[in-house]
Amino acid sequence: MSRPADDIVPMGMTERRAMALRLRGQRMTFREIASAMGVNTARARQLVVAAEQATRQSAPGARPWFEGLSIATARALRSVGVQSKAQAAELVRDQVACRRDIPNFGEKRLAEVLQWLSEPHTHLRDATGGAERDET
């Protein structure tokens, strides 16, 4: 048994998340989505948010800003609110303060970030068909 083409679930998204996103796209409230899916309102909101995130991550050319960093280093930066490579550069400008103020961020993590910031290897594909361009 095959599904109709518009019912295909994108990679990384469960059928429940896809359903929640589809219902939200029909301008239903979280309370209405919860009722339709048999879950509570908080769970309906979680499903919609997770589906939106999976949709963003599966978009062509979508790569996280922290690509190239170890998971632990990226997590340490994100824990203090860093959301871009530029913010990371600004934060590590004062090396003593960042080692003191960021949990689990010592000499090795600082060296990793400084190396990552100095490398021009991060490329993004442009929307016109795959030509690469520098992120910086």
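Throughout, numbering of the chain's residues begins at 1 and tracks the sequence. The structure presented is a predicted model; accordingly, all values stated were derived computationally and were not measured.
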_Gap between atom CG of Leu114 and atom CZ of Arg93 - 0.5 Å precision_ = 11.5 Å
*Minimum heavy-atom distance between Glu52 and Leu21, given as atom pair plus value*: CG-CD1, 3.7 Å
*How close do Ser84 and Trp65 get, heavy atom to heavy atom, and via which atoms?*
C-CE3, 3.6 Å
*If every non-hydrogen atom of Lys85 is compared with every non-hydrogen atom of Glu119, which pair is closest and at what distance?*
NZ-O, 4.2 Å
*Report the hydrophobic cluster partners of Leu23, with the cluster defined as I, L, V, M, F, W, Y residues connected by side-chain heavy atoms closer than 4.5 angstrom, directly or transitively.*
Met19, Met28, Phe30, Ile33, Met37, Val39, Leu47, Val48
*Taking the side chain as C-beta and beyond, is there a heavy-atom pair between Trp116 and Glu67 under 4.5 Å?*
no
*Pairwise side-chain contact, Val80 with Pro103, heavy-atom cut-off 4.5 Å (strictly under)*: yes
*Taking all atoms of both residues into account, what is the closest heavy-atom pair of Phe105 and Leu77, and its distance?*
CE1-CD2, 3.9 Å
*Donor-acceptor pair, Glu112 side chain versus Lys108 backbone, under 3.5 Å?*
no
*Does some side-chain heavy atom of Ile102 sit less than 4.5 Å from a side-chain heavy atom of Leu91?*
yes
_Donor-acceptor contact below 3.5 Å, side chain Ser35 vs main chain Glu32_ = no
*Which pair of heavy atoms, one from Ser70 and one from Arg109, lies closest together, and at what distance?*
OG-NH1, 4.2 Å
